[in-house]
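Please find one structure pasted underneath; my questions will follow.
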Amino acid sequence: MRDTEKHQGLRIQLVKLLEQKGIIDKEVLEAIKKIPRHLFLDSGFEQYAYQDKAFPIGAGQTISQPYTVAFQTQLLKVKKDDKVLEIGTGSGYQTAVLCTIGAKVYSIERQNELFKTTSLLLPKLGIRPKHLSFGDGYKGLPNYAPFDSIIVTAGAPIIPKPLMAQLKIGGRLVIPVGEKEQIMTLLIRKNETQFEKHEFGEFRFVPLLEDKN
């Protein structure tokens, strides 16, 4: 689990690039500067780990490009000790960013292979989410709700109703919505029945899959 001065230097360059692209949240940038992204990738991709690109991580999934991770996290406006639900643990990189900011992270992954790998990796890196689970992200985690914020790291054709229900009043839900290309969407819960919606342009994600059982 090597993290060399070269890796750290590449992360500083990556942070400068993200600032140029409009990421202004200092805590998000600081988290990206700290986290060894190369350890979340297959070793064959290590030399590319600090490029602003997505890469395959197995089970047909990808690790999102750093800009996307930073952009989604910035939209959440996470504060220390916020209770955050993450749909799609994947490689665990987004989980690590949220934990490093100080969030209490509850995360769901539906690919068992990724769930097992990430569950072992995160503690080795000193990253301890509150709860990792293997299951259907469409259903959320009702037993742990409500959440201060919810982040979805896969493209969803619609915004799942259970996730909206599990958001605190005043809470923020960030989700890419669409079939082939997605519109990054922010919902802010105003009261029991009303949500304020904001859209932030096109992104491309792997699909959020729903268990049909």
Side-chain angles (χ1 to χ4, degrees), residues 28 31-32 35 37 40-42 53-76 78 82-101 103-122 125 127 129-142 144-145 147-164 166-167 171-187 200 202-212:
V28 173
I32 284 170
I35 296 165
R37 187 176 187 250
F40 292 84
L41 292 166
D42 184 285
K53 290 182 179 172
F55 290 103
I57 54 168
Q61 305 301 297
T62 58
I63 181 172
S64 293
Q65 73 180 94
Y67 173 73
T68 303
V69 171
F71 189 82
Q72 283 196 282
T73 311
Q74 181 168 278
L75 283 181
L76 283 183
V78 177
D82 272 3
K83 202 168 152 189
V84 180
L85 173 61
E86 177 190 31
I87 307 300
T89 318
S91 68
Y93 181 68
Q94 174 73 72
T95 319
V97 170
L98 292 166
C99 288
T100 302
I101 289 169
K104 293 175 175 170
V105 182
Y106 296 73
S107 190
I108 308 177
E109 175 53 56
R110 78 180 301 281
Q111 302 286 352
N112 203 18
E113 171 193 336
L114 288 179
F115 170 69
K116 286 176 178 171
T117 306
T118 302
S119 298
L120 292 171
L121 174 65
L122 290 173
L125 300 176
I127 293 156
K130 289 292 282 185
H131 182 78
L132 290 178
S133 66
F134 169 59
D136 181 359
Y138 267 83
K139 296 179 178 142
L141 287 174
Y144 295 94
F147 296 95
D148 294 297
S149 53
I150 300 174
I151 181 169
V152 180
T153 64
I158 54 150
I159 301 173
K161 290 281 195 296
L163 300 186
M164 294 167 71
Q166 289 169 39
L167 195 62
R172 301 165 78 85
L173 166 60
V174 174
I175 179 169
V177 181
E179 299 277 1
K180 286 184 181 168
E181 288 193 340
Q182 292 80 36
I183 302 294
M184 192 65 75
T185 304
L186 166 67
L187 288 188
F200 295 91
E202 285 188 1
F203 286 76
R204 187 166 285 190
F205 283 78
V206 293
L208 179 65
L209 301 173
E210 184 175 12
D211 286 343
K212 299 298 184 188

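We count residues from 1, following the sequence as given.
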**OP:** Look at the side chain of Q166 and the backbone N and O of P162, then say whether any donor-acceptor pair between them is shorter than 3.5 Å.
**Re:** yes
Subject >> Shortest non-hydrogen contact between G137 and L163, atoms and distance >> reply: O-CD2, 3.6 Å
Original post:
Taking the side chain from E109 and the backbone from G90, do they hold a donor-acceptor pair closer than 3.5 Å?
Top reply: yes
**OP:** Give, for atom CG of L173 and atom CG of L76, the distance between the pair rounded to the nearest 0.5 Å.
**Re:** 8.5 Å
Original post:
Taking the side chain from D82 and the backbone from V84, do they hold a donor-acceptor pair closer than 3.5 Å?
Top reply: no
Subject >> Spacing of K53 atom NZ and T68 atom OG1 [to the nearest 0.5 Å] >> reply: 13.5 Å
Subject >> Donor-acceptor contact below 3.5 Å, side chain Q94 vs main chain T73 >> reply: no
Subject >> Residue pair T89 / F115, side-chain heavy-atom distance below 4.5 Å >> reply: no
Subject >> Minimum heavy-atom distance between S149 and L167, given as atom pair plus value >> reply: CA-CD1, 3.9 Å
Original post:
Rounded to the nearest 0.5 Å, what separation is found between the CD1 atom of I63 and the CG atom of D42?
Top reply: 11.5 Å
Subject >> Verdict with supporting geometry, L75 and M184, side-chain contact (heavy atoms from CB on, under 4.5 Å) >> reply: CA-CA 10 Å; L75 283 181; M184 192 65 75; 4.0 Å; yes
Original post:
Is any side-chain heavy atom of S91 less than 4.5 Å from a side-chain heavy atom of L121?
Top reply: no
Original post:
Any idea which heavy atoms bring S64 and R37 closest together, and the distance?
Top reply: O-NH2, 3.0 Å
**OP:** Taking all non-hydrogen atoms of both residues into account, name the closest pair between A70 and I32 and its distance.
**Re:** CB-CD1, 3.7 Å
**OP:** Check whether any side-chain heavy atom of L41 lies under 4.5 Å from a side-chain heavy atom of Y93, and answer yes or no.
**Re:** no
**OP:** To the nearest 0.5 Å, tell me how far F203 CZ sits from F71 CZ.
**Re:** 4.5 Å
**OP:** Grab the two heavy atoms, one from A96 and one from I127, that are nearest each other, plus how far apart they are.
**Re:** CB-CD1, 3.4 Å
Subject >> 4.5 Å side-chain heavy-atom contact, F40 and I35 >> reply: yes
**OP:** Could you list the residues that satisfy side chain to side chain contact (heavy atoms under 4.5 Å, CB included) with E181, not counting sequence neighbours?
**Re:** E202, R204
**OP:** Quick one: closest heavy-atom pair of C99 and V105, and the distance?
**Re:** SG-CG2, 3.7 Å
Original post:
Are F200 and V174 close enough, and set up right, to give a side-chain contact (heavy atoms from CB on, under 4.5 Å), and what steps lead you there?
Top reply: CA-CA 10 Å; F200 295 91; V174 174; over 6 Å; no
Original post:
Can you tell me how far the CG atom of L187 sits from the CD1 atom of I159, to the nearest 0.5 Å?
Top reply: 4.0 Å
Subject >> Gap between atom CG of L141 and atom CD1 of I87 - 0.5 Å precision >> reply: 6.5 Å
Original post:
Are any non-hydrogen side-chain atoms of T117 and I57 less than 4.5 angstrom apart?
Top reply: no
Original post:
Any idea how Y144 and Y106 line up, ring-wise: parallel (<30°), tilted (30 to 60°), or perpendicular (>60°)?
Top reply: tilted
